[in-house]
Amino acid sequence: MKAVRYHSYGGSDVLALEDADRPTAGPGQVVVQVAGTSFNFLDLAIRTGLMKAAMPVDFPHTPGIDLAGTVAETGDGVTDWKPGDPVVAFLPPTAPGATAEYVAVPSDLLAAAPATVPLAEAAALPTVGLTARQALFDHLGLRAGQTILINGAGGAVGGYAVQLARRAGAVVTATASPRSIERVRAAGPDRIIDHTETPVPEALEGEQFDAVLHLVRNGPEATAALIGLVADGGAFASTATPGPLIPGRGIRVDQVYVRSDAARLAELVALVDSGELRIDVAERLTIADLPALHDRAFAGEVSGKAILTP
């Protein structure tokens, strides 16, 4: 089969489209024929070696933690899936990934793919959809009637976060830039703040929110300024720069690290199929485009979710 792999940590030039052995299904595994994967910044961080202490990989390594495809083979002990089943999954970051024609996956990571979108595009759901869901409900404890600020709603996580927060009955303020503002508007927030016109703490001076979800990689001072927008007893969660602890105001501060959860992924799929959650794809590329995509992402030129097909 063909796969994009790298044989050492380094720049985007270590990524190579090459021949690789097609995997076989071990006990408890299935082999999935890949229809699509997607780009995540975690893949870039692992490739550079930035994460090698926490997430070391064996070489050659195939990136791609999002998976959408069709079951091609099942291993011993697998009874829930059969060849031909369309599936999605969030793969372990250090395991062989989905920038390949086939990938072996533990069967308990799989959820049935949405039936209402093209299979390849379903790869835009697992990692960022789960991140948004876990941030809103596991970390922030968001409830109907609460107010939430989603800072960085123009990114891939942000679009799902806006939709899920609105569906939960929260009042949503979202920040965006001109290049992403239409995509954010389509997600349905109650209000959009253009952060390129006025810094967010300034634009929202005097307001406070029950919850703040921070999705922007920035400096500690800029992140700390957002804490002032959290009401006493509220919650702040970040997928990026950690928030500081603020004594005396009862604010809960959490860092979000997404985890694979097939049951919750299946719930997101059900929302897609019922029309309550929209999958948004910003770019459609092939796995051969991955090195250039990594370079663009490093330069801050990627907005929204890019999917890649073999």
Between V269 and V272, is any pair of side-chain heavy atoms under 4.5 Å apart? no
So which atom in H139 and which in Q255 form the shortest heavy-atom distance, rounded to 0.1 Å? CE1-O, 3.5 Å
Output, in order, the C-alpha distance, side-chain angles, deciding distance and verdict of salt bridge (Lys or Arg N to Asp or Glu O under 4.0 Å) for R259 and D138. CA-CA 11 Å; R259 64 187 185 282; D138 297 349; 2.9 Å; yes
Cluster overlap L285 with F41, hydrophobic side-chain contacts below 4.5 Å: yes
Sequence neighbours excluded, the answer for salt bridge (Lys or Arg N to Asp or Glu O under 4.0 Å) partners of E101 is none
With no hydrogens and no angle check, is any side-chain donor or acceptor of S180 less than 3.5 Å from a backbone partner on A176? no
According to a hydrophobic-cluster definition based on side-chain heavy atoms being under 4.5 Å apart (Ile, Leu, Val, Met, Phe, Trp, Tyr only), do I251 and L213 belong together? no
Group every Ile, Leu, Val, Met, Phe, Trp and Tyr by side-chain heavy-atom contacts under 4.5 Å, then state whether V216 and V258 land in the same group. no
For T147 and F209, which heavy atoms make the closest approach, and how far apart are they? OG1-CA, 3.4 Å
Using the test side-chain contact (heavy atoms from CB on, under 4.5 Å), find all partners of L42 that sit at least two apart in sequence or belong to another chain. I46, M51, M55, I65, P93
Enter the distance from Y9:OH to L50:CG here, rounded to the nearest 0.5 Å. 10.5 Å
D19 and K2: CA distance, side-chain angles, deciding distance, side-chain contact (heavy atoms from CB on, under 4.5 Å) verdict: CA-CA 5 Å; D19 291 323; K2 291 291 186 181; 2.9 Å; yes
Are there more than 12 heavy atoms of other residues, nucleotides or ligands under 6.0 Å from atom CD of E205? no
Any side-chain to backbone donor/acceptor pair from Q146 onto R143? Under 3.5 Å, distance only. yes
With no hydrogens and no angle check, is any side-chain donor or acceptor of R249 less than 3.5 Å from a backbone partner on V230? yes
For atom CG of D58, decide whether the heavy atoms of other residues, nucleotides or ligands shown that lie under 6.0 angstrom number more than 12. no
Partner of L15 under side-chain contact (heavy atoms from CB on, under 4.5 Å), chosen from D295, T99, I287, V4: V4
For the atom pair CD1 (I227) and CG (L245), what is the distance rounded to the nearest 0.5 Å? 8.5 Å
Verify whether the ring centers belonging to Y6 and H61 lie closer than 6.0 Å. yes
Should we say atom CD of E221 is surrounded by more than 12 heavy atoms from elsewhere, each under 6.0 Å from it? no
Measuring from atom CG of D261 to atom CD of Q134, what distance do you get when rounded to the nearest 0.5 angstrom? 6.5 Å
Going only through I, L, V, M, F, W and Y residues with side-chain contacts under 4.5 Å, is there a path from L290 to L67? no
Between F39 and D289, is there a side-chain heavy-atom distance shorter than 4.5 Å? no
All side-chain contact (heavy atoms from CB on, under 4.5 Å) counterparts of P220, not counting sequence neighbours: none
How close do V103 and G97 get, heavy atom to heavy atom, and via which atoms? CG2-O, 3.4 Å
Between CD of Q29 and CG of D76, what distance do you get to the nearest 0.5 Å? 11.0 Å
Check whether R47 reaches the backbone of G10 with its side chain - one donor and one acceptor, N or O, closer than 3.5 Å. yes
Show the nearest heavy-atom pair for residues S260 and F90, with the distance to one decimal. OG-O, 3.2 Å
Quick check against the 3.5 Å criterion: does T74 have a side-chain atom that pairs as donor or acceptor with the backbone of V30? no
Shared hydrophobic cluster, I148 / V256 (ILVMFWY, side-chain heavy atoms < 4.5 Å): no
Is there a side-chain contact between I150 and V184 in this structure, where contact means two heavy atoms from C-beta onward sitting under 4.5 Å apart? no
Counting N and O atoms only, with roles assigned by atom type, does the side chain of K82 sit under 3.5 Å from a partner on the main chain of E73, one being a donor and the other an acceptor? no
Heavy-atom pair of closest approach, residues A306 and L293: CB-CD2, 4.1 Å
Which heavy atom of I279 sits nearest to which heavy atom of A124, and what is that distance? CG2-CB, 3.9 Å
Can you give me every donor-acceptor pair (side chain of residues 108-120, partner residue at least two apart or in another chain, under 3.5 Å) with its distance?
residue, atom, partner, partner atom, Å
T116, OG1, D273, OD1, 2.8

Measure the spacing between CG of L149 and CG of D210 and express it to the nearest 0.5 Å. 11.5 Å
Pairs flagged by side chain to side chain donor-acceptor pair (under 3.5 Å) wherever residues 233-245 is involved - sequence neighbours left out: N218-T241
Taking the side chain as every heavy atom from C-beta outward, state whether I307 and E121 have any pair of such atoms under 4.5 Å apart. yes
Distance, nearest 0.5 Å, that separates CG of L215 from CG of N151: 7.0 Å
Examine distances only and state if a side-chain atom of R5 and a backbone atom of A16 form a donor-acceptor pair shorter than 3.5 Å. no
Report the C-alpha separation of L271 and R167 in whole Å, then their side-chain angles, then the decisive distance to 0.1 Å, and conclude whether the side-chain contact (heavy atoms from CB on, under 4.5 Å) test is met. CA-CA 10 Å; L271 293 178; R167 182 180 178 274; 3.4 Å; yes
Flag, side chain of D66 to backbone of T127, donor-acceptor distance under 3.5 Å: yes
I'd like to check the salt bridge (Lys or Arg N to Asp or Glu O under 4.0 Å) partners of R179; sequence neighbours left out, ordered by chain and number. none
Does any non-hydrogen side-chain atom of S177 lie less than 4.5 Å from one of H195? yes
